[in-house]
Amino acid sequence: YPEAEAGVRLAHSLSVRNITDYISLTESSGVAKVEAPPNFVGRTINELGTSHRTRINLLLIKRGRQLIVAPHYEERIEPGDVLILVGPDSEISSFMNPGRELPQ
């Protein structure tokens, strides 16, 4: 049902900051395409805490025309990066929360 899918995408783009696209995998999980917020820039993937601190996995980074598939934990986020995340909707939402405390 294309209308239902469009509704899910719209709901996620309104509820989660920086989401530019979303694919629902289950009722409560999906794949989100998000623009890296300013507080992520200069941080490594390890510092952001994907995988080992959350149930979110960073599948790839789109940097200009380059795709970094399964990025290394030492990869630093750069301005303009687009992140493809997979995981529970609630964790994607809290991960993208601009007020969230990032590990030091």
Side-chain angles (χ1 to χ4, degrees):
Y1 300 101
E3 294 87 3
E5 275 188 38
V8 168
R9 287 182 179 173
L10 177 62
H12 280 89
S13 68
L14 295 174
S15 67
V16 179
R17 237 175 101 104
N18 301 345
I19 259 192
T20 57
D21 204 358
Y22 179 84
I23 299 170
S24 181
L25 299 175
T26 68
E27 194 174 289
S28 61
S29 296
V31 179
K33 177 181 174 185
V34 298
E35 296 173 14
N39 62 325
F40 283 20
V41 174
R43 301 279 191 140
T44 66
I45 292 168
N46 187 51
E47 291 171 334
L48 294 177
T50 62
S51 295
H52 63 283
R53 292 188 197 115
T54 65
R55 294 185 299 156
I56 296 174
N57 282 304
L58 177 58
L59 300 177
L60 62 88
I61 298 172
K62 182 177 182 281
R63 185 171 290 151
R65 295 180 148 206
Q66 177 187 13
L67 285 181
I68 304 168
V69 179
H72 190 268
Y73 70 95
E74 290 293 320
E75 185 71 43
R76 288 199 182 275
I77 304 299
E78 295 182 4
D81 280 356
V82 174
L83 314 176
I84 306 298
L85 303 166
V86 64
D89 296 343
S90 60
E91 293 210 26
I92 291 172
S93 180
S94 62
F95 181 75
M96 294 306 298
N97 180 354
R100 145 177 116 87
E101 183 78 22
L102 292 176
Q104 296 300 319

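Only heavy atoms go into these numbers, but all of them, side chains included; no hydrogens, no water, no symmetry mates.
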Give the minimum heavy-atom separation between Glu35 and Thr20, together with the two atoms involved. OE2-CG2, 3.4 Å

Test side chain to side chain contact (heavy atoms under 4.5 Å, CB included) on Leu48 and Leu58 and set out the steps. CA-CA 10 Å; Leu48 294 177; Leu58 177 58; 5.9 Å; no

If I compare all heavy atoms of Glu91 with all of Ile56, which pair ends up nearest, and what's the gap? O-CD1, 3.1 Å

Shortest non-hydrogen contact from Ser29 to Pro88? OG-CA, 3.5 Å

Of all heavy-atom pairs linking Thr44 and Tyr73, the shortest is CB-O, 3.6 Å

Looking at every heavy atom in both Ile92 and Gly87, which two are closest together, and how far apart are they? CD1-O, 3.6 Å

dist Leu85:CG -> Leu59:CG (nearest 0.5 Å) comes out at 7.5 Å

Single-linkage hydrophobic cluster, 4.5 Å side-chain cutoff, Ile19 and Val82 together: no

Answer yes if Val41 and Leu60 sit in the same cluster of Ile, Leu, Val, Met, Phe, Trp and Tyr residues linked by side chain heavy atoms under 4.5 Å apart, and no otherwise. no

Are Leu25 and Ile84 connected, step by step, through hydrophobic side chains (Ile, Leu, Val, Met, Phe, Trp, Tyr) whose heavy atoms are closer than 4.5 Å? yes

Counting C-beta onward and ignoring hydrogens, is there a side-chain heavy-atom pair between Arg55 and Phe95 closer than 4.5 Å? no

Please check this pair: side chain of Ser93 against backbone of Asp89, looking for a donor-acceptor N/O pair closer than 3.5 Å. no

Show me the donor-acceptor pairs within less than 3.5 Å that the side chains of residues 63-70 make with the rest of the protein, sequence neighbours left out.
residue, atom, partner, partner atom, Å
Arg63, NE, Glu78, OE1, 3.4
Arg63, NE, Asp81, OD1, 2.9
Arg63, NE, Asp81, OD2, 3.4
Arg63, NH1, Glu75, OE2, 2.9
Arg63, NH2, Glu75, OE2, 3.4
Arg63, NH2, Arg76, O, 2.9
Arg63, NH2, Asp81, OD2, 2.8

